[in-house]
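For the numbers below, each heavy atom of this structure counts, side chains included, while hydrogens, waters and symmetry mates do not. Just so we're on the same page: letters track the sequence lines, and every chain starts at 1.
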There are 2 protein chains.
Amino acid sequence: MKLLIRISYLGKDFYGYQAQKDKRTVQTELNRAASELFGFDCDITGCSRTDSGVHANCFCATVNKRGESGLVTEIDIKKIPRAMSAHLPEDIAVFDAEWVDDDFHARYDVKYKEYIYRINNSHVRDPFSEGRAWHYPRVLSENDVANMNAAAESFIGTHDFSAFMAQGSNVSTTVRTVVSASVEKLGNEIIFRVAADGFLYNMVRIMTGTLISVGEGKISPEDIDKIIKSKDRSLAGMTAPAHGLYLNKVVY
Amino acid sequence: MKLLIRISYLGKDFYGYQAQKDKRTVQTELNRAASELFGFDCDITGCSRTDSGVHANCFCATVNKRGESGLVTEIDIKKIPRAMSAHLPEDIAVFDAEWVDDDFHARYDVKYKEYIYRINNSHVRDPFSEGRAWHYPRVLSENDVANMNAAAESFIGTHDFSAFMAQGSNVSTTVRTVVSASVEKLGNEIIFRVAADGFLYNMVRIMTGTLISVGEGKISPEDIDKIIKSKDRSLAGMTAPAHGLYLNKVVY
């Protein structure tokens, strides 16, 4: 059996998820913690690669003994989240663990993932959302936010999202299926929530930048369809910064 | 006229509010920022002294020109929050400013203050509430929380709160009037909210530790009255750590 863990992390001090030489990454920390806990070398397979600065409320990964397809331990599965968290630094924690079959794949078996993007839409900075939400100081009206929500709904469906992909990306297909997308205002924050079977590089951050252009009145909600069909990155909005983005849910 | 500002700060990297030699404090930062913005030396009077590590969602302070009872500036009052925040580090911001009479006193004119105390009551750590909520890992039931709320209500009224004051404190009177007090569960967090005309040293943190003892069943809600009447610090609970405490509201 493989171990499937659900983790959360504050992305600020990580160079993203994937292991890189001499960089502090989520994968490196998980690898070290698992090896310390179980007493043998482990391999970690993550559900996706998050960029430097991106956060996770829920990221999934499997753990197996190096060179094997699973692992064996006497530790009670219910105790694994706390036990493994004890080997992790304060900006990352395991909050759930379960056994899955040896042929389960943390990345290929994902049905859909949900991201949220947090925008602090107050005219002044907020010390508590610093590094955790994008500060956009021009306060948008309820009507602006309603337009952003209408624009977000236009993302729903199966489309070629080339216009919402960072240039220079190399993928076999740029078609993705967005299953839900919405924008709401909660207090001083504007929250964009989007779920899809997969995401292109910077897709949620470019969608967010485009939604801000909608809020500003520079792009109308009806333009989203045309931008998608154009496959032209230059027609979409700016790439919103990494620090407002959270991987929020993973469904297998 | 004096300038009354409302600020928020993340307490983690401050040695509390009050200026101390060679320490990073909120008052020192405000003093520097005001002097930079207005172009003359200023004095800052705060609404209270918060301890090292304690946060503020809303802390009030007045600013006057050093040696005078007010200040004169050509900067529009509406622009002062952003302008002054631009001179402050990321863990502190001014979110509101208004003019008040020269004889207004930020500390003596307070009618009441409200504090909140955040407890992360999940069995695992949460990277996002690290340093911002006290992690209490034994998960309390709805009934435990209801008992804590009943206990909190016993704080309401005018009492001698000696039992809820750090030993060695030196104050002219230990009588305070608590105007509201409640405990509620929101997701994984337990929130204690208390408002009073004034607070003794460590009063909210000792109340919180006592409420946790109620949640654990070590103290019954009916015992609170007796503990208050005893004036005996040793009968109350532990002092909860500083990092869960927030000054939340100040009413003049």
Expected list for residues 3-10 of chain A: side-chain donor-acceptor pairs under 3.5 angstrom, two or more places apart:
unit_1	atom_1	unit_2	atom_2	d
A:Arg6	NH1	A:Asp96	OD2	3.3
A:Arg6	NH1	A:Glu98	OE2	2.9
A:Tyr9	OH	A:Thr50	OG1	2.7

Please tabulate, one pair per line, all N/O donor-acceptor pairs under 3.5 Å involving side-chain atoms of residues 40-47 of chain B, not counting sequence neighbours.
unit_1	atom_1	unit_2	atom_2	d
B:Asp43	OD1	B:Arg66	NE	3.1
B:Asp43	OD1	B:Arg66	NH2	3.3

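Each salt bridge (Lys or Arg N to Asp or Glu O under 4.0 Å) pair with one or both residues in residues 123-144 of chain B, not counting sequence neighbours, would appear here, but there are none.
When atom types are taken as modelled, the side chain of A:His87 and the backbone of A:Ser35 share no donor-acceptor pair closer than 3.5 angstrom.
Of the N and O atoms on the side chains of A:Asp51 and A:Tyr201, at least one donor lies less than 3.5 Å from an acceptor on the other residue.
Residues of residues 70-85 of chain B lying within less than 4.5 angstrom of chain A, judged on heavy atoms, are B:Pro81, B:Arg82, B:Ser85 in numerical order.
With respect to B:Arg32 and B:Glu36, a salt bridge is recorded, a charged nitrogen being found less than 4.0 Å from a carboxylate O.
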